[in-house]
Each structure stands twice: as structure tokens, then as C-alpha cells.
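Below is one structure, written out as C-alpha cells; the observations come after it.
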Amino acid sequence: MNCAEANQIDLVNYLSSIGYEPAKIKGYDHWYLSPLRQEKEASFKVSKNKNVWYDHGIAKGGNVVDFVTEYYRCNVSEAL
């Protein structure tokens, strides 16, 4: 698998597969308690139609590969 193929994986489904469900859904935006840190109010947003994420608490975001590298604290080749 390469980066282009990995970034086609649906991020909402991937988060569900590792145990994260949205706290709220507004249109295409799915809001989660951040899987990257502890928080009490959902500030981790996934845009379902763009398949990208943004964590407002740490001001980071990106695509599926970016999320996996951040979540597992690994490099791109390890993530793939």
C-alpha cells in the first residue's frame, strides 16, 4: 500500500475500527473527543466529504496517513 491508497481509507470508519465514535455530527463534520490527547469536550473534527482531520487543541491536522503517524507515533513507512 502506498500513501495515495492509504489516504483513500475512510477516516470515520477507521476511527470506529479503533474504538472512536463521534460525539456529535453536524453535516459532513464528525466531532470526536480527541484520540491524540485527553479532553472533556469534542474538538477533534473529521470532514467526512474531504476525508481529513483537525485537532483544534493541538492545532494539527491532515489526511489518514498523517493521523496514523500521529496516533501511533511512527513514521510514514511504519504507518503504511
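In this structure, CG in N51 is found 12.5 Å from OH in Y14, a value given to the nearest 0.5 Å. In this structure, the separation between OH on Y54 and NZ on K45 is 9.5 Å, given to the nearest 0.5 Å. Within the model, atoms NZ of K50 and CG of L11 stand 14.0 Å from one another, a figure rounded to the nearest 0.5 Å. Taken from NE2 in H56 to CD in E41, the straight-line distance is 11.5 Å, to the nearest 0.5 Å.
Put simply, the side chain of F67 does not reach to within 4.5 Å of the side chain of I9, judged on heavy atoms. At least one side-chain heavy atom of V76 sits less than 4.5 Å from a side-chain heavy atom of T69. Using a 4.5 Å heavy-atom cutoff, the side chains of I18 and Y71 are in contact.
In this pair, H30 and Y32 present their aromatic rings parallel. The plane angle is below 30°, not in the 30 to 60° band.
The minimum heavy-atom distance between S34 and E39, with the atom names listed, is N-OE2, 2.6 Å. Contact detail for R37 and S43: the closest heavy-atom pair is NH2-OG, 2.8 Å. L80 and A6 make their closest contact through CD2-CB, 3.7 Å (heavy atoms, listed as atom of the first residue, atom of the second, distance).
In terms of hydrophobic clustering, with Ile, Leu, Val, Met, Phe, Trp and Tyr side chains grouped at heavy-atom distances under 4.5 Å, I58 and V65 are assigned to different clusters. Hydrophobic clustering, with ILVMFWY side chains joined whenever heavy atoms are under 4.5 angstrom apart, keeps F44 apart from V52. One hydrophobic cluster holds both V12 and V68 under the rule that ILVMFWY side chains link at heavy-atom gaps under 4.5 Å.
For N7 (side chain) and V64 (main-chain N/O), a donor-acceptor pair under 3.5 Å exists by modelled atom type. A distance-only check finds a donor-acceptor pair linking the side chain of E5 to the backbone of N2 [under 3.5 Å].
Partners of D66 under the side-chain contact (heavy atoms from CB on, under 4.5 Å) rule, at least two apart in sequence or in another chain, are W53, N63. Listed by chain and residue number, S77 satisfy the side-chain hydrogen bond (donor to acceptor under 3.5 Å, both in side chains) test with N75 (two or more places apart in sequence, or in another chain).
Salt-bridge annotation for D10 and K48: present, with a side-chain N of the basic residue lying under 4.0 Å from a carboxylate O of the acidic one.
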